[in-house]
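Residue numbers start from 1 in every chain, and the chains themselves are labelled A, B, ... in the order their sequence lines are given, proteins ahead of strands. Just so it is clear, the model here is predicted, and its values are computed rather than measured.
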Amino acid sequence: MESYDPHSLEAEAQQFWADSCAFEVDEDPARDSYYCLCMFPYPSGKLHIGHVRNYTIGDVISRFKRMCGLNVLQPMGWDAFGMPAENAAIQNNVPPAAWTYQNIDYMRGQLKRLGFGYDWKRELATCKPEYYRWEQWLFTRLMEKGIAYKKTAPVNWCPVDQTVLANEQVIEGRCWRCDTEVERREIAQWFLKITDYADELLAELDHVDWPEQVKTMQRNWIGRSEGLEVEFEVPGHDSLLIYTTRPDTLYGATFMAIAAEHPLALEAAEKNPEIAKFVDACRKTNTSEAALEKMEKLGCPLGIDAINPVNNESIPIWIANFVLMGYGTGAIMSVPAHDQRDWEFARKYGIEIRQVVEPADGSAIDLDAGSFVTKDGRSCNSGDLDGLEFDAAFNRISDQIEALGKGSRQVNYRLRDWGVSRQRYWGAPIPVIHCEACGMLPVPEADLPVVLPEDVEFEGIGSPIKKMDSFIQTTCPRCGGAAERETDTFDTFMESSWYQERFACADQHQAMLDERADYWTPVDLYIGGIEHAILHLLYARFYHKLMRDEGLIKSDEPFQRLLTQGMVLKDGSKMSKSKGNTIDPQELIDRYGADTVRLFIMFASPPEQTLDWSDAGAEGAYRFLKRFWTAVREHIDAGLERAEIDADALDEAQKAMRLKLHETIRKVSDDFSRRLTFNTAIAANMELLNSLARFDDRSPTGAAIRQEVFDNMVLMLAPIIPHVCHRLWRDLGHDSVLIDHPWPEFDAQALVQDRIELVIQVNGKLRGKIEVDADADRERCEAAALANEQAQRFIGDNPVKKVIVVPGKLVNIVV
RNA sequence: GCCGGGAUGGCGGAACUGGUAGACGCGGCGGAUUCAAAAUCCGCUGGUGGCAACACCUUGGGGGUUCGAGUCCCCCUCCCGGUACCA
């Protein structure tokens, strides 16, 4: 008998798909399309096991949808710009472009070896000018619309390396390369006004078929709030503008806090060395929110007071290290009695804590123990707000402030505008020219793309184009005089925000998108890691709306349905190169073949669940494939005569075998289409094979049932283990092409049962099982249960209080 | 800190709508086959007690709702992801 040889049969199947261009698809208005997209990889070197999981899920669903008759598009490309290429360049003296293209070639080979059904003619890499030129083009349009604008924002600065650091490059407040304490620096950067779209981004979450947890995270991230903007006068200086969602607590404001970079702070620092020292110390911190929230909260009195507009009281202004200039107005009002952070700050510095909200029942609170944070109380110590509940107090004080001309009601968002400038080399150049005379100008469309020079040498750690005259020197598109190019590049989230549309028309070189984008998109199913739940998925939604408003596409949202794959962890933590715990699947592919790797990763857990990786069970997947192969081969080699199956003439064992088969088809179909739980679909097929191993009927009817089981198993498993199924389908005597064969349907008649099992419980505990006619009514089930010997034993002399019958399932006797 | 998840045998997981906890697989133990081993096949395998029939216990911890809770509610612990310049 021919033994299972995955490597040769996988090569053969892959050759067949390649020769027949099996996965190249075109727009066909007569057919329903299905666009299944997996988040494209960053070409870091080799595939890791998280990629294998992600892409196997996508391939399984794509192949399944194709068998359901849909016109399926499954493309693949490369998110090719990013920091690791620069780090590799610095370490190994290889240009980032060369390193990246080399990685792409290797990883493409790995993807092909795994048998994923991609339409490779649509392949794209975001580092190619033909791709990023359109991003540059859209950006110039956004500059003209005022959606792209420039302002200063904080970055992490290493004073020794003289370079900007990513948050990831700051380790416990220090530079990852030279261990120097990192400073915060304000520099001018480009932003996209995502806040203009905040309401739409919020509202349309209701129209997409996404996991509720992801929608919740995005809602919280956008963080819409209604509050009051209030102006506090500062005698002798510009007034302070603050925003609060708790204007009902204005009477409890006992200090103001401003950022170290605030003009008032800088002004005071010039005169007062104490303040200057504090302001300087405030800069020695990471810009990340987590770091800011967790660091010790420190303050320094400014020696200047602000006037609270509600009662004209003078309250001190403090510089606080937890207030950032870039976010909001760089100033906040502090109400220690009703905000925990303010409470801790006030206790530390001996600032007054004044209660202005009391519990609705009038009971006392202990402000020595902590702040009292609630919207379910009543105002007190607040002038004419006293006794009012939150909404009434909010409205009365807001009316008063507005009447005084000291502020107005405002809707605010936690969401901040998207900073897209990076002071790095390996990214798409920002298409802007600086002219002394004419200012900042977008690069004219005819001059696009602004091509990033790829043949560069890294001297030190900064971006090489920042000192490359041939790149920088240009002429002003308006006055024709000498001018300089912007040397910052785009955030790599820009490229990954629109590739889903570009895949629909990747060969279009006259425009960013064409009408094919409207045929394929929105993406029917987008699959990728849960770690992208906020940033990438929010930016992509925003970018889609920008393209829509530019007339490039009709739909409102890019991804109709979202499947968030759980992280693949190793020893309980996220895999990363820096931790050295990435898992290379190549060894498993070499040893067992692609089908085993695909089967094993899909069997290990359901897609959305976090998976702590261990390859200990791979042998089991390989064993199943061998058993399956051997069972089919034995059936074929036996060559027994097969009869037509006559459902009415089957014996008990034959009926039971067909019942098991059709139950399995029903379950697996549901797992594939609704639940997306491939682990249970595989388990059901394993059970089916186990049942078949015990079915040793050699009669013509038995052989026909065995053939029916194998045909259907091959069809059900084809999306997961396509290579071996491709081969077995042919060997089972079929001329058709398996990938285009319709998905099997279960035979309802085979599922009909005469007798079913009922569970008997006494007081909710399992005490026995009985068999009854499938159509037995409540009374008969109850009577049969009460008559059961086991049940009797546990009922004993106790009176039966109640009997609960769940039809078809159980009888619970309550005593 | 804040936001979102998670916790079930030695391990990965199953239990889909509140109804038999532990499907399926790994590992382990025993057996068949073999000169022997690998491979393969068959059986057993949550814990405690018991010769056994069987009983009791058990889904991170504590409380609650219910005839019945892994599943729903409240509180807590630990772990994971995100936290705007990792992608």
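Counting to the nearest Å, the P atom of B:C41 and the CZ atom of A:Phe624 are 12 Å from each other. Taking atom CG of residue A:Asp671 and atom P of nucleotide B:A14, one finds them 11 Å apart after rounding to whole Å. The distance from atom CG of A:Leu599 to atom P of B:G12 is 19 Å, rounded to the nearest whole Å. Across the protein-nucleic acid pair, A:Leu625 atom CG and B:G25 atom P stand 13 Å apart, rounded to whole Å. Regarding A:Arg422, its CZ atom lies at a distance of 12 Å from the C1' atom of B:A87, rounded to whole Å. Taking atom NZ of residue A:Lys765 and atom C1' of nucleotide B:C54, one finds them 14 Å apart after rounding to whole Å. Atom CG of A:Asp342 is separated from atom P of B:G1 by 18 Å (rounded to the nearest Å). At whole-Å resolution of the value, CZ in A:Arg416 and P in B:C2 are 18 Å apart.
B:G5 adopts an anti glycosidic conformation, its chi angle falling more than 90° from 0.
Just one of A:Tyr592, A:Trp629, A:Phe600 meets the ring pair (Phe, Tyr, Trp, His ring centres under 6.0 Å) condition when paired with A:Tyr622; it is A:Tyr592.
Among the atoms of the strands shown, base atoms are found under 4.0 Å from some heavy atom of A:Glu757. Using a 4.0 Å heavy-atom cutoff across all strands shown, A:Val803 reaches no nucleic acid atom at all. Within 4.0 Å (heavy atoms only), A:Lys667 reaches at least one base atom of the nucleic acid. Residue A:Gln189 is in base contact, counting any heavy-atom pair closer than 4.0 Å across all strands shown. A:Ala616 comes within 4.0 angstrom of the backbone, heavy atoms only, and of no base. Nucleic acid contact for A:Ser496: none, since no nucleic acid atom lies under 4.0 Å from a heavy atom of the residue. Among the heavy atoms of the strands, none lies under 4.0 Å from A:Pro41. Counting any heavy atom pair closer than 4.0 Å across all strands shown, A:Arg674 reaches a base atom. Base engagement by A:Leu415 is indicated by at least one non-hydrogen atom pair under 4.0 Å involving a base atom. Residue contacts for A:Trp221: at a heavy-atom cut-off of 4.0 Å it reaches a base atom on one of the strands shown. In this structure, A:His536 reaches neither bases nor backbone, as no heavy-atom distance under 4.0 Å exists between it and the strands shown. Residue contacts shown for A:Phe40 are absent, as no nucleic acid heavy atom lies under 4.0 Å away. Among the protein residues, A:Asp79 comes within range of the sugar-phosphate backbone only, with heavy atoms under 4.0 Å from sugar or phosphate atoms but none that close to a base.
Separating the C1' atom of B:G27 from that of B:U34 is a span of 24 Å, rounded to the nearest Å. Taking atom C1' in both B:U65 and B:A52, the straight-line distance is 40 Å, to the nearest Å.
Using the Watson-Crick or G-U wobble rule with both distances under 3.5 Å, B:C24 pairs with B:G12. Of all nucleotides present, only B:U40 satisfies the Watson-Crick or G-U wobble test against B:A32, with each distance under 3.5 Å. Pairing for B:C72 is with B:G64, a Watson-Crick or G-U wobble pair whose two hydrogen-bonding atom distances lie under 3.5 Å. When Watson-Crick and G-U wobble pairs are counted only if both distances are under 3.5 Å, B:A7 pairs with B:U77. Across every strand in view, B:C86 sits unpaired, with no contact that passes the Watson-Crick or G-U test at under 3.5 angstrom.
No side-chain donor from either of A:Tyr539 and A:Trp498 sits under 3.5 Å from a side-chain acceptor of the other. Under the 3.5 Å distance criterion, with hydrogens and angles disregarded, no donor-acceptor pair is assigned to the side chains of A:Arg177 and A:Thr163. Residues A:Thr680 and A:Asp671 bring a donor and an acceptor atom of their side chains to less than 3.5 Å of each other. Under 3.5 Å, the side chains of A:Lys660 and A:Ser691 contain no donor-acceptor pair of N or O atoms. Donor-acceptor pairing under 3.5 Å is lacking for the side chains of A:Arg283 and A:Asn321. With no hydrogens or angles considered, a side-chain donor-acceptor pair links A:Trp190 and A:Glu486 at under 3.5 Å.
In this structure, A:Tyr55 OH and A:Ile527 CD1 are separated by 10.5 Å, a value rounded to the nearest 0.5 Å.
Side-chain N/O atoms of A:Ser614 include none lying less than 4.0 angstrom from OP1 or OP2 on B:C11. Proximity of A:Arg675 to the phosphate of B:A14: no side-chain N or O atom is located under 4.0 Å from OP1 or OP2. Regarding contacts with the backbone of B:C41, every side-chain N or O of A:Arg694 stays at 4.0 angstrom or more from both OP1 and OP2. Residue A:Lys801 places none of its side-chain N or O atoms closer than 4.0 Å to OP1 or OP2 of B:C67. Note on A:Arg627: a side-chain N or O is less than 4.0 Å away from OP1 or OP2 of B:C41. Considering only side-chain N and O atoms, A:Gln609 lies under 4.0 angstrom from the phosphate OP1 or OP2 of B:G13. A sub-4.0 Å separation between OP1 or OP2 of B:C41 and a side-chain N or O of A:Lys626 is absent. Between A:Asn690 and the phosphate of B:G25, there is a side-chain N or O to OP1/OP2 separation shorter than 4.0 Å. Between B:A14 and A:Asn679, a contact under 4.0 Å exists linking OP1 or OP2 to a side-chain N or O.
Between A:Val814 and A:Ala604, it is A:Ala604 whose nearest contact on RNA chain B lies nearer the 5' terminus. Taking for each of A:Asn156 and A:Ala621 the nucleotide of RNA chain B with the nearest heavy atom, the 5'-most of the two is the partner of A:Ala621.
The side chain of A:Gln761 sits closest to B:U20 out of B:A87, B:A84, B:U20. Side-chain proximity of A:Asn167 to the nucleotides B:A55, B:G19, B:C86 is greatest for B:C86. Counting only heavy atoms from C-beta on, A:Val806 has its side chain closest to B:G19 among B:A14, B:C86, B:G19. Of the candidates B:U20, B:A14, B:G5, the closest approach to any side-chain atom of A:Thr680 belongs to B:A14. Each of B:G13, B:G19, B:C24 was ranked by its minimum atom distance to the side chain of A:Phe603; first place goes to B:C24. Residue A:Arg414 places its side chain closer to B:A84 than to any other of B:A84, B:G1, B:A15. Closest approach to the A:Glu531 side chain among B:G81, B:G12, B:A84 is made by B:G81 (side chain taken as heavy atoms from C-beta onward). Checking B:A55, B:U20, B:U83 against the side-chain heavy atoms of A:Gln790 singles out B:A55 as nearest. Considering only the side chain of A:Asn220, B:G4 comes nearest among B:U20, B:G4, B:C67. In the set B:C24, B:G1, B:C3, B:C3 carries the atom at the smallest distance from any side-chain atom of A:Met217.
In terms of polar N and O atoms assigned as donor or acceptor, the side chain of A:Glu289 comes within less than 3.5 Å of the base of B:G1 in a complementary pairing. For B:U20, its base never sits under 3.5 Å from the side chain of A:Lys809 at any donor and acceptor pair.
Looking at A:Leu676 and A:Glu608, their side chains never come closer than 4.5 Å, going by heavy atoms from C-beta outward.
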When you look at A:Asp417 and A:Lys193, which way does the salt bridge (charged side-chain N to carboxylate O under 4.0 Å, His left out) test go after all the steps? CA-CA 5 Å; A:Asp417 278 339; A:Lys193 267 192 195 162; over 6 Å; no
